[in-house]
There are 2 protein chains.
Amino acid sequence: MSNELPDNGSANSGRIKMSDIARLAGVSTSTVSRALSGHKSIPQPLREQIVALAHAQGYAINQAARSLRLQQTHVIGVIVPLGHEAGQLISDPFFLEMIGRLADEITGRDYEVLLKKVVAPRPGWLEQIVQSHKSDGLLVIGQSDQHETLNAVASTYRPMVVWGGALDDQHYCTVGTDNIAGAQLATEHLIGLGRRRIAFLGAPEAPEVGLRREGYLRALAKAGLKPQPELSAAAHFTVETAQATVRDLIESGVAFDAVFAASDLIAITAIQALVEAGRSVPGDVSVVGFDDIALARHVAPALTTVRQDLATGARSMVDLLFRQIAGEDVSSVFMPPQLIIRGS
Amino acid sequence: MSNELPDNGSANSGRIKMSDIARLAGVSTSTVSRALSGHKSIPQPLREQIVALAHAQGYAINQAARSLRLQQTHVIGVIVPLGHEAGQLISDPFFLEMIGRLADEITGRDYEVLLKKVVAPRPGWLEQIVQSHKSDGLLVIGQSDQHETLNAVASTYRPMVVWGGALDDQHYCTVGTDNIAGAQLATEHLIGLGRRRIAFLGAPEAPEVGLRREGYLRALAKAGLKPQPELSAAAHFTVETAQATVRDLIESGVAFDAVFAASDLIAITAIQALVEAGRSVPGDVSVVGFDDIALARHVAPALTTVRQDLATGARSMVDLLFRQIAGEDVSSVFMPPQLIIRGS
DNA sequence: TTGAAAGCGCTAACAT
DNA sequence: ATGTTAGCGCTTTCAA
C-alpha cells in the first residue's frame, strides 16, 4: 500500500514521464512506448517488465502529448446548446438523464466525455469547438436555434450526431423522436376525451417544439377544430418561465379544458399552477406532456405523456457517432413515439 | 490504408493552424500567438487585424498543443466512482443534479468538464487519472469505498475536492452535509411521531450512509430505544436493488412502523413497495428520506426528507477547487442539514 | 528487436 | 515590437 517512491530522491512525484521509465528500465523511450501499447515487436518478458515498472511508478501516459502526436483524443464532446433558453442552468431532467445515458454509453467504449454547455452561441462557436481539437466527435443535445450552424459545420466535419427533430434541408445526422406523430397522438387522446379547447404550451423556436406544435395543429385540423392563437403560449424549458407563462394564460381568462405541453416539465408546472388556481386535473383540465421523464409517473395525478425512448436514443447516437469516426456514412434515425396514458 | 474518407475532400480544410494565420498576416507565429492571447506588446491595430483574420479563417487554437506546452488544460475532471454500486448507470437523480450544477459552475468560470465514470476501481486508478494530465483539477462525487485511495492521492496531489462525509483521518478536502446531524434530525422526527420500530435502509459501506446510520443509532440511543439489527437493510442507490431489499424486509415479517432511508430514491422505492404490500404511508409506516431531490416534493405522499443544499454544495466545491489551483490552502466544508417535513 | 531523430502545434525566453 | 528558437512528452518512421 505504500506509494512512496523509495529511490526517487527528487520530490517531483507528480511529473514522471516516459523517459524516466525508459531510464529505469535501461531502454529507450521508443521501446517503452511500444511496450506500453502492446506492440508485437517487443518480446513478451520485456514488455511485461516495462509495464510492471510503469505501474509500480504510478506512470500514466501524458494524454496531452499523446493527443498532439496522434491527432486524436479519445474524448467525445457532449454539447448542450442553450440558445434561446432563459435559464442558465442544465436543469431540465430530460437533458440530465440524456447526459447520464450518453456518458454511460461513451464510457462503455472506453472514451471520455467532455461536457460543454453553450449559453449564448456566437457566430462560429461550433467551428471553434471542432477546431480546438479537444474531442474526436461531437454529440449535440438539441438543435436549439442552431439549425443553420449545424448544417454549416456538417458540410465540412463529419463525426457529429445531433439529438433533435426532423427538419427540411437537414444535412447533419440526427437521432430523435417523430415529434409530429407524438404530438398528434397526444392531441388526439385529448380530443378523444371530449376536450375541445386545447392549449399548447411551448416555445416553437426550438425545432422540436415547433414540430410538436405542428402535430398538435394537424390533429386539431383532422378533428375539424379551429386552432385558436390565444391558446398557444410560449413556455420555455425552465420551471420559472413555464410557471409565469401558465399563470398568465390562466389569468388572461381564456377558456380551455386541456393542455398539451411540449415537455413534461412544462406539463407538471402547468398542473401545479392550475391546482393553485383552483382548477382540478384531470377534472376541469386534462394535461398531456412529452418526454416521460422519471418524475412523470410519480407526480399526482400521474402524468399522461408521450414517451421518448432515451435509452435507445442515447445508444443510437453513440453508435452512429462511432460509425462516423470509423469512416462510415450513416443516416438519421427517428424513433416512434408512444403515448403513455396515466391519470392526468 | 484501404479508403480515404469518401465525398468529403476536406483533408486540409479542417487543419488550419497558427502558422497559416501567420503566413496570411505576414507575421511570425509568435506574433499571432501574442495577438490572440491579448499580449500588450502587440499594437492594438495589428492585434485586431490578426484576431479578425483568425476568426475569418475559422481558426481556433489547437488545445492539445497548447495544453502540452502550458501544462494546463482548462479542464476540470468530474469523477463519479461507482465502487460498490450494483448498477452501471449514472442514474441516481442526486448524482445527475450534482453533475448539472457542477457543470454550470465550471462553465461559468470558462473551464470545461471532463466527466468520468469509474465503475470498478482498480488499484492506482486515481493516480492514473491525475497522471494522464487531462485536467487541472478533480471533483469527486462521493467517496464510494475509496477513502484510502483518496487519502493517498491527496498526499501528493492538491487540486481535488470530494463530495462526501466527514471521516476520521481524512486528508483530502471535502464538501458535504453533516450526515450524522441530518440522520438524527430525521430519526428524532420519527420518534416524535410516536414511532418505535424504525428501520434503516442503506448500505453502510458508503461512508455517507455509514454516517447516516450512525446518526440514526445515536437518535435511537438518546430516546432510550434499543437498535434492532434486523431493522437495518443494505439498500443500494439503484431502484432495482433497493426494491429487492425493501421487499425482502417486508416479506421477512419483521415488524416496523417507520423507515429512515439513506436516500430519497430508496425512500420512494420503499413507499412504493410498502403500498404494493398493502401498508399505507404514512398511516401504517412513516418514511423519511435524505437528499431532497426534485422528485421528493412530487411523489404522493410528498416525501419528508433531509435536505442537502446542492446549489451551495456545488458552488463550494468549485470554489475550493479553484482556490487550490491558485495555490491556496483550504479546508473542508460541511453544511447543516435541514429537515423538510412533508406528508410521508 | 531496438534506438536515433523528427515533429505534432503551440508558447515564451531570448535575442534584436 | 517582433522574430528566432527551443522545447512540452509522446509516437513512429527510418536505420542499424
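In what follows, chains carry the letters A, B, and so on, assigned in the order in which the sequence lines appear, proteins first and then strands, with residues in each chain numbered from 1. Owing to the predicted nature of the structure, the values given are computational and were not obtained by experimental measurement.
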Quiz item: Looking at CG of Leu139(A) and CD1 of Ile76(A), how far apart are the two atoms once the value is rounded to the nearest 0.5 Å?
Solution: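 If I round to the nearest 0.5 Å, the distance is 7.0 Å.
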Quiz prompt | Evaluation steps, side-chain hydrogen bond (donor to acceptor under 3.5 Å, both in side chains), between Ser28(B) and Thr31(B) | solution = CA-CA 5 Å; Ser28(B) 72; Thr31(B) 302; 3.3 Å; yes
Quick one: is [N] close enough that its OP1 or OP2 comes under 4.0 Å of any side-chain N or O from [X]?
X	N	value
Gln71(A)	dG9(C)	yes
Tyr59(B)	dC10(C)	yes
Thr31(A)	dG3(C)	yes

Quiz item: Do Glu105(B) and Arg101(B) sit within salt-bridge range, that is, some charged N less than 4.0 Å from a carboxylate O?
Solution: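 Answer for the salt bridge query: no.
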Self-check item: NZ/NE/NH1/NH2 to OD/OE distance under 4.0 Å, Arg109(B) and Asp319(B)
Solution: yes
Exercise. Find which nucleotide of DNA chain D each of Leu68(B) and Leu46(B) is nearest to by heavy atoms, and output the residue with the more 5' nucleotide.
Key: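 Nearest nucleotide further toward 5': that of Leu46(B).
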Under 3.5 Å, which donor-acceptor pairs do the side chains of residues 157-165 of chain B form with other protein atoms, sequence neighbours left out?
| residue | atom | partner | partner atom | Å |
| --- | --- | --- | --- | --- |
| Trp163(B) | NE1 | Glu208(B) | OE2 | 3.4 |

Quiz item: Could you state the NE2-P distance from His133(A) to dG9(C), rounded to the nearest angstrom?
Solution: 8 Å
Considering all heavy atoms of both residues, which atom of [X] and which atom of [Y] are nearest to each other, and what is their separation?
X	Y	value
Asn151(A)	Gln170(A)	OD1-C, 3.6 Å
Arg34(A)	Ile42(A)	CB-CG1, 3.7 Å
Ala103(B)	Leu115(A)	CB-CD2, 3.9 Å

With side chains defined as the heavy atoms from C-beta onward, is the minimum distance between [X] and [Y] less than 4.5 Å?
X	Y	answer
Tyr172(A)	Val153(A)	no
Met18(B)	Leu36(B)	yes
Leu126(A)	Val118(A)	no

Quiz prompt | Nucleotide-resolved protein contact map, nucleotides 11-16 of chain C, B/S/- at heavy-atom distance under 4.0 Å | solution = BBB---
Quiz prompt | Those residues of residues 48-55 of chain B lying under 4.0 Å from DNA chain D by at least one heavy atom | solution = none
Side-chain donor-acceptor contacts of residues 59-70 of chain B below 3.5 Å, not counting sequence neighbours, with atom names and distances?
| residue | atom | partner | partner atom | Å |
| --- | --- | --- | --- | --- |
| Asn62(B) | OD1 | Ala64(B) | N | 2.9 |
| Asn62(B) | OD1 | Ala65(B) | N | 3.2 |
| Ser67(B) | OG | Gln63(B) | O | 2.7 |

Quiz item: Does a donor on one side chain sit under 3.5 Å from an acceptor on the other, for Gln128(B) and Ser132(B)?
Solution: no
Self-check item: Inter-end axis angle, the helix from dT1(C)-dA16(D) to dT16(C)-dA1(D), with every axis fitted to five base pairs (rounded, 10 degrees)
Solution: 40°
Self-check item: Covered region of DNA chain D, 5' end to 3' end, by chain B [heavy atoms, under 4.0 Å]
Solution: dA1(D) to dG9(D)
